[in-house]
Trainee: 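Shown below is the structure under consideration.
Note on naming: letters A, B, ... go to the chains in the order of the sequence lines (proteins, then strands), and numbering restarts at 1 for each one.
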Amino acid sequence: MTLVKNQLADLVKQAIQNAQATGALPPFDLPEVFIERPQKKEWGDFATSLPLKLARDAKRAPLQIAQVIAAHFPPSDAVARVEPSAPGFVNIVLNDAWVARQVDAILAEGARFGDLTPARREKIQVEYVSVNPTGPMHVGSGRNGAIGDTLANILVAAGHDVQREFYINDNGTQVRQFGASLFATYAQALGKDEPVPEGGYQGAYVVEMGKQYAQQYGDQYLQMPRAQAVRELGRLGIDSVLASLRATLEQMNVRFDRWFSERSLHESGQFAGVLKRLQDRGLVFEKDGATWFAAQALGEEKDAVLIRSPQVVAEPDERPTYLASDVAYVWDKLAVRQFDRAIYIWGADHHGDVPRVIAAARALGLDPARITILLYQFVTLRRGEQVVKMSKRTGEFVTLDELIDEVGADAVRFMLITRAADTPMDFDLDLAVKQSDENPVYYVQYAHARIASILKKAAEAGATGDGGDVTRLTHPAELELIRAMLRLPEMVELAASKLEPHHLPHYAIDLAGIFHAFYKQCRVVSSDPADAEITRARLKLVAAAKLTLARTLNLMGVRAPESM
RNA sequence: GCCCCCGUAGCUCAAUAGGACAGAGCACCUGCCUUCUAAGCAGUCGGUUGCGAGUUCGAGUCUCGCCGGGGGCGCCA
């Protein structure tokens, strides 16, 4: 479907060219025409402030330019009126009959309504969550997953080839540390006096896991060399944590195409190859026994360590830093797997790492414009006035699972994507639970369920929308509903181009509200034979509305229930 | 000290590339269920967009300074 606003932009362009041809406007280069949605209904369905921007080049007063554009506007069956408006807007009002006919167009598109055809179909990777697999997820990672998965859905709708990936941090010190903590709780479960090491993982879940391993494997890990037991328990622990992360994420409808192991970057020699490339470009040096990336040579503030020195870290496989993996990973994404774009969803606490990854990409000869690192701000968890501090090391936090249990997966996911990513979120658990009944997500889902109920009632009465004449839809509430549905493709375009999923839930609330108002004013299923035609038309209308709501909910990863 | 993000109604947040009189939900108050789901509808109340300058025809949005909150500046992960 071509976006209405793109068609209108073309018409505005033609109007200006027509005016220039007749001499009503002087010649000048046409800037890109932006069509916007005005805030007030009186200002029409669409508007452009182009005359205000054109005033200088056209050497005319803005309002006069608006008048000229309106007077030279080419005829279109979609447009009823074009009105100049002070101080220099052109307001465009759609033709109601054309609007009504879009119901048939929407129904024809079916579940694909909202899909776009991009100017260029790109191969895009979205990498999200990627939380350390050493414990349960907290709400922050939930925000990551909700944003990433929704964004991936949006990019698919926008016509791109999207791959969803979870990067598993299964390399280096933390695996051993996690393993050492598990070894301790495991040994404790078998009656040994074995304290959890300094800086180890302390949570109750570590104790739980230790007990479970003791039950499952007996004392076999006490029989082998300690270092081996620690390593094996570490990997075992990561695998079982990953399985539970996956279960939690699936509850929220967050899914992945691939789980990518950090360790594989080192085992496959990928990192070694990338290091060689950097060395060939003279961007690697040795200092104090460590191997450094010469980021300063690329304009960064500081150089950064790629491989720690043996004096500091004894185990060879624990020497590569996070940056080392990040450098190999970005190479893998853009050069090996050849994604056109790689989108990373990171917590704001990693913002300091952004310049180094970008610098590394440049150093490897990759175009940094292909990389987007989307930072989302922290979620502050409160219970009333009290801030809930979270730390995986101390094991003190509210898990995402607990939150989902209390509030529900749909509500959690909806709340987490409703705020713009760069807005720090305040999440009051008391309020969230209290308000879960009145959460906007239920308002939207309720609209969908209501339509399902109407269609069920209609089916029972033997009424269908087949052959309905949608041009009978002339009630203001009907037309407003159709106009609202027509905004879905624009929302997809907006959210995809700006990588801002939060527009979707706001649109959903809007659309649901307009449906509820329609529902109050216009009865769909009527037993009066005189209403047969309007009933048919309205059944088409609500079918289209149901489809539009369902699509919007699906894009957000939220269920569209048939009943509530 | 330096760097990044944020500050909008009592609360949680929107505001599409700088556009028109800054909008929703929650909370509060007033009405509305004999007909398709009242998890609903209609309405009331609520603002010096943290403060002060600047750029612009036009600033919540851009620039500078200040105030407040969060985060980051390791051979941690």
Trainee: Does B/C21 adopt a syn or an anti glycosidic conformation, taking syn as a chi angle within 90° of 0?
Mentor: syn
Trainee: Please confirm whether any donor atom in the side chain of A/His351 sits under 3.5 Å from an acceptor in the base of B/G72, or the reverse.
Mentor: no
Trainee: Provide, to the nearest angstrom, the distance between the CG atom belonging to A/Leu504 and the P atom belonging to B/A14.
Mentor: 15 Å
Trainee: Look at the aromatic rings of A/Trp292 and A/Phe285 and report parallel, tilted or perpendicular, splitting at 30° and 60°.
Mentor: parallel
Trainee: Considering just the side-chain nitrogens and oxygens of A/Thr423, establish if one lies under 4.0 Å of OP1 or OP2 belonging to B/C6.
Mentor: no
Trainee: Can you list every stem that RNA chain B is part of, counting only runs of 3 or more consecutive Watson-Crick or G-U wobble pairs with both distances under 3.5 Å?
Mentor: B:1-7 with B:67-73, B:10-13 with B:23-26, B:29-32 with B:40-43, B:50-54 with B:62-66
Trainee: Return no unless some side-chain N or O of A/Arg450 is found under 4.0 Å from OP1 or OP2 of B/C41.
Mentor: no
Trainee: What's the NE2-C1' distance between A/His350 and B/C4, to the nearest Å?
Mentor: 14 Å
Trainee: Among A/Tyr322, A/Tyr329, A/Tyr128, A/Tyr344, find the residue that satisfies the ring pair (Phe, Tyr, Trp, His ring centres under 6.0 Å) test when tested with A/Tyr167.
Mentor: A/Tyr329
Trainee: Hey, does A/Arg56 reach any base, or is it just sugar-phosphate, or nothing, if we go heavy atoms under 4.0 Å?
Mentor: sugar-phosphate
Trainee: When the distance from CD of A/Gln174 to P of B/G74 is rounded to whole Å, what number comes out?
Mentor: 19 Å
Trainee: After noting the C-alpha distance and the side-chain angles of A/Glu490 and A/Lys5, does the key distance pass the salt bridge (charged side-chain N to carboxylate O under 4.0 Å, His left out) rule?
Mentor: CA-CA 8 Å; A/Glu490 285 169 48; A/Lys5 64 180 219 174; 5.2 Å; no
Trainee: Does NZ or CZ of A/Arg37 lie under 6.0 Å from the centre of the six-membered ring of A/Phe46, at an angle within 45° of the ring axis?
Mentor: yes
Trainee: Strictly under 4.0 angstrom, non-hydrogen atoms only: write out the protein contact profile of nucleotides 27-32 of chain B, one letter per nucleotide from the 5' end, B, S or -.
Mentor: S-----
Trainee: For B/A77, does the base pair up with any side-chain atom of A/Asn171 as donor and acceptor (N or O, under 3.5 Å, distance only)?
Mentor: no
